[in-house]
Peer 1: 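Sharing a structure here in structure tokens format.
What you see is a predicted model; the values in this text were computed from it and never measured.
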Amino acid sequence: PGDSVYAPSYYKGVASASYTFKLREGRSLQLDLNVDNLFNRRTPLYGSNGGVIGTNATNLRPRTDISSPARVTVPGNYSYLIPRNYTLSAKYNF
């Protein structure tokens, strides 16, 4: 039950772009595009609760022999990233 469970590392990419159009009479239009989860990661992320060592795994009884006192260490705390999403916003200054 004291076995460590390791998960592969991952990257979460965020991209943003902004452009301001100068208009007449001192006015301007600003467009912003944001892309979250740029790499569109869909697999679960395994982690711990607040960085406390030992809280990110669960000990389960093997399914093959329920009478055995042996336990198997499996990842216990996981989450998913929000799927890739886009946000386009506009700001008009006058």
Side-chain angles (χ1 to χ4, degrees):
D3 294 342
S4 297
V5 176
Y6 296 98
S9 60
Y10 72 96
Y11 294 95
K12 178 185 176 192
V14 178
S16 60
S18 179
Y19 190 79
T20 303
F21 296 95
K22 301 291 183 182
L23 305 175
R24 290 183 242 157
E25 301 173 6
R27 298 178 183 183
S28 64
L29 175 65
Q30 179 180 341
L31 297 177
D32 297 321
L33 174 65
N34 294 312
V35 182
D36 194 13
N37 195 3
L38 187 64
F39 306 119
N40 204 21
R41 181 181 171 92
R42 295 174 182 237
T43 56
L45 304 174
Y46 299 99
S48 62
N49 295 332
V52 179
I53 296 173
T55 59
N56 58 353
T58 302
N59 297 318
L60 298 177
R61 184 187 314 263
R63 293 180 185 227
T64 55
D65 182 10
I66 61 171
S67 64
S68 172
R71 296 290 186 260
V72 176
T73 304
V74 296
N77 183 15
Y78 65 93
S79 64
Y80 291 93
L81 293 175
I82 296 173
R84 181 185 303 150
N85 60 75
Y86 306 89
T87 305
L88 177 64
S89 60
K91 183 168 101 174
Y92 179 68
N93 291 322
F94 55 95

Peer 1: Membership question, hydrophobic clusters at under 4.5 Å side-chain separation (ILVMFWY): are L38 and Y86 in the same one?
Peer 2: yes
Peer 1: I'd like to know if L33 and V14 are part of one continuous hydrophobic network [Ile/Leu/Val/Met/Phe/Trp/Tyr, side-chain heavy atoms within less than 4.5 Å].
Peer 2: no
Peer 1: Please report the closest heavy-atom contact between N37 and R41, naming both atoms and the distance.
Peer 2: OD1-N, 3.1 Å
Peer 1: Does Y92, at its OH atom, have more than 12 non-hydrogen atoms belonging to other residues, nucleotides or ligands within less than 6.0 Å?
Peer 2: yes
Peer 1: Taking atom CD1 as the centre, does I82 end up with more than 12 heavy-atom neighbours from other residues, nucleotides or ligands that are less than 6.0 angstrom away?
Peer 2: no
Peer 1: Is there any ring pair (Phe, Tyr, Trp, His ring centres under 6.0 Å) pair reaching into residues 21-40, and which pairs are they, with sequence neighbours excluded?
Peer 2: Y19-F21
Peer 1: Measure the spacing between CG of N40 and CZ of R42 and express it to the nearest 0.5 Å.
Peer 2: 4.5 Å
Peer 1: What distance separates L81 CG from D36 CG, expressed to the nearest 0.5 Å?
Peer 2: 8.0 Å
Peer 1: Which pair of non-hydrogen atoms, one from N34 and one from S16, has the smallest distance, and what is that distance?
Peer 2: OD1-CB, 2.9 Å
Peer 1: Got a donor-acceptor contact below 3.5 angstrom from the N93 side chain to the K91 backbone?
Peer 2: no
